[in-house]
Amino acid sequence: MKDGYYISTDKSKMDIDLIHSYLSLKSYWAEGRSKGQVKKSIANSLCFGAFTQSGEQIGFARIATDYVVFAWLMDVFIIDSFQGQGVGYQLLQKILSHSDLKEVNGIGLRTNDAQKFYKKLGFDTIPQPNTWMFKKNT
């Protein structure tokens with residue numbers, strides 16, 4: 001990866017403390033998520049970490065998928081001090097070109113504030129949103 005960063009899917013490299021801290025304290029979508037929940041979500045997903053050449057984790061994203069029909073992109077972040085340097089864009093390019101995701105019909109995501117960023121990568125609004133349904137567990 002250019003600019004001294006690299007992407008890995010090796011779950012043993014993922015810094016659980018960093019990921020948990022960012023998600024539970026800094027994100028609007030996973031506020032309050034427990035460390036146990038973070039570990040479980042990582043265990044059951046295709047994970048991508050962004051790292052400096054020295055091995056410091058600076059970003060994360062994960063995909064939940066059946067590898068055929070659909071994939072769901074979640075928990076994407078780059079730590080604040082590395083934002084604006086293209087790391088997030090490189091992370092998403094790596095995810096979108098990953099060989100295990102080539103057969104899926106589509107990749108979905110939800111965001112409150114990053115539509116412009118994801119549109120640059122080919123994402124768009126859901127076609128026929130009235131056909132999608134959701135049941136929230138209470």
Side-chain angles (χ1 to χ4, degrees):
M1 190 166 153
K2 67 178 192 172
D3 301 324
Y5 310 114
Y6 70 93
I7 307 297
S8 176
T9 57
D10 183 348
K11 290 182 186 180
S12 71
K13 292 181 179 285
M14 303 301 159
D15 182 339
I16 302 297
D17 290 331
L18 171 85
I19 296 166
H20 172 252
S21 178
Y22 193 95
L23 292 176
S24 66
L25 300 174
K26 298 192 116 201
S27 74
Y28 63 83
W29 65 89
E31 186 177 357
R33 191 177 293 170
S34 74
K35 187 181 274 189
Q37 290 171 317
V38 169
K39 287 179 180 178
K40 187 175 184 178
S41 69
I42 289 171
N44 292 293
S45 300
L46 175 59
C47 297
F48 297 81
F51 299 87
T52 64
Q53 287 300 326
S54 64
E56 174 191 3
Q57 187 163 4
I58 58 172
F60 178 76
R62 67 187 183 91
I63 294 271
T65 186
D66 63 1
Y67 299 100
V68 176
V69 178
F70 193 73
W72 194 256
L73 177 63
M74 296 175 278
D75 295 339
V76 179
F77 72 85
I78 303 298
I79 61 172
D80 297 350
S81 59
F82 287 89
Q83 290 180 5
Q85 299 178 34
V87 180
Y89 190 79
Q90 292 176 55
L91 175 63
L92 267 291
Q93 285 183 314
K94 190 74 163 182
I95 293 168
L96 296 174
S97 66
H98 194 276
S99 61
D100 287 350
L101 301 174
K102 290 292 184 194
E103 291 186 32
V104 297
N105 293 332
I107 299 174
L109 64 87
R110 284 187 65 198
T111 182
N112 287 348
D113 57 1
Q115 287 83 355
K116 198 173 181 180
F117 171 76
Y118 288 108
K119 280 192 178 257
K120 289 180 192 175
L121 291 155
F123 286 87
D124 205 349
T125 55
I126 295 173
Q128 300 176 316
N130 59 324
T131 65
W132 288 74
M133 299 183 77
F134 181 76
K135 180 189 179 301
K136 183 167 175 69
N137 287 339
T138 52

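Bear in mind the structure is a predicted one, so any value in this text is a computation, not a measurement. These numbers come from the heavy atoms of this one structure, side chains and all, not from hydrogens, waters or symmetry mates.
A single hydrophobic cluster is not seen to contain both Tyr28 and Met74; linkage of ILVMFWY side chains at heavy-atom distances under 4.5 Å, directly or through other members, places them apart. Note on Val68 and Phe70: same hydrophobic cluster, where clusters join Ile, Leu, Val, Met, Phe, Trp and Tyr whose side-chain heavy atoms are under 4.5 Å apart, directly or indirectly. Both Phe77 and Phe117 are assigned to one and the same hydrophobic cluster, defined by single-linkage of ILVMFWY side chains at heavy-atom distances under 4.5 Å. A chain of hydrophobic side-chain contacts below 4.5 Å, direct or via other Ile, Leu, Val, Met, Phe, Trp or Tyr residues, connects Ile7 to Tyr89. Ile78 and Leu25 are members of different hydrophobic clusters when ILVMFWY side chains are connected at heavy-atom separations under 4.5 Å.
Taking CD1 from Ile107 and OH from Tyr118, the interatomic distance works out to 11.5 Å, rounded to the nearest 0.5 Å. Atoms CG and OG1, from Leu46 and Thr65 in turn, are 8.0 Å apart once rounded to the nearest 0.5 Å. Note that CG of Asp113 is 8.0 Å distant from CH2 of Trp29, once rounded to the nearest 0.5 Å.
Heavy atoms only, all atoms of each residue included: Lys102 and Leu96 are closest at NZ-O, 4.3 Å. Ser81 approaches Gln85 most closely through the heavy-atom pair O-NE2, 3.2 Å. Residues Asp15 and Gln57 approach most closely at N-OE1, 2.6 Å, considering heavy atoms. Heavy-atom minimum distance, Tyr67 versus Asp100: CD2-O, 3.2 Å. Pairing each heavy atom of Ser27 with each of Leu23, the nearest pair is OG-O, 2.5 Å.
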Check residues 121-137 and write down every donor-acceptor pair under 3.5 Å in which the side-chain atom is one partner and the other belongs to a residue at least two apart or another chain.
residue : atom : partner : partner atom : Å
Asp124  : OD1  : Lys119  : NZ           : 3.0
Thr131  : OG1  : Gln128  : O            : 2.7

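Glu103 pairs by the side-chain hydrogen bond (donor to acceptor under 3.5 Å, both in side chains) definition with nothing, not counting sequence neighbours. Lys40 meets the salt bridge (charged side-chain N to carboxylate O under 4.0 Å, His left out) test with no other residue; sequence neighbours excluded. For Asn112, there are no side-chain hydrogen bond (donor to acceptor under 3.5 Å, both in side chains) partners, not counting sequence neighbours. Residues meeting the salt bridge (charged side-chain N to carboxylate O under 4.0 Å, His left out) test with Lys13, sequence neighbours left out: none.
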Open item on the list: Go through it in stages, so that I can follow the logic: the residues are Arg110 and Trp72, the test is side chain to side chain contact (heavy atoms under 4.5 Å, CB included), and I'd like the CA-CA distance, side-chain angles, deciding distance and then a yes or no.
Closed with: CA-CA 9 Å; Arg110 284 187 65 198; Trp72 194 256; 3.6 Å; yes
Task: Test log, rule side chain to side chain contact (heavy atoms under 4.5 Å, CB included), inputs Leu92 and Leu73 - done: CA-CA 10 Å; Leu92 267 291; Leu73 177 63; 3.4 Å; yes
Open item on the list: For Lys35 and Asp17: C-alpha separation, side-chain torsions, deciding distance, then whether side chain to side chain contact (heavy atoms under 4.5 Å, CB included) applies.
Closed with: CA-CA 8 Å; Lys35 187 181 274 189; Asp17 290 331; 2.4 Å; yes
- [ ] Check the pair Ile63, Phe48 against side chain to side chain contact (heavy atoms under 4.5 Å, CB included), reporting the backbone distance first and the verdict last.
- [x] CA-CA 8 Å; Ile63 294 271; Phe48 297 81; 4.2 Å; yes
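Side-chain N or O atoms of Lys11 include one that pairs as donor or acceptor with a backbone N or O of Ala43 at under 3.5 Å. Judged purely by atom type and a 3.5 angstrom limit, Thr9 has no side-chain atom pairing as donor or acceptor with the backbone of Cys47.
Between Phe51 and the choices Tyr6, Phe82, Tyr5, the ring pair (Phe, Tyr, Trp, His ring centres under 6.0 Å) rule is met once, by Tyr6.
Counting only residues at least two apart or in different chains, salt bridge (charged side-chain N to carboxylate O under 4.0 Å, His left out) contacts with residues 61-89 comprise Lys26-Asp80, Arg33-Asp75, Arg62-Asp75.
Between Ile79 and Leu18 there is a side-chain heavy-atom pair separated by less than 4.5 Å.
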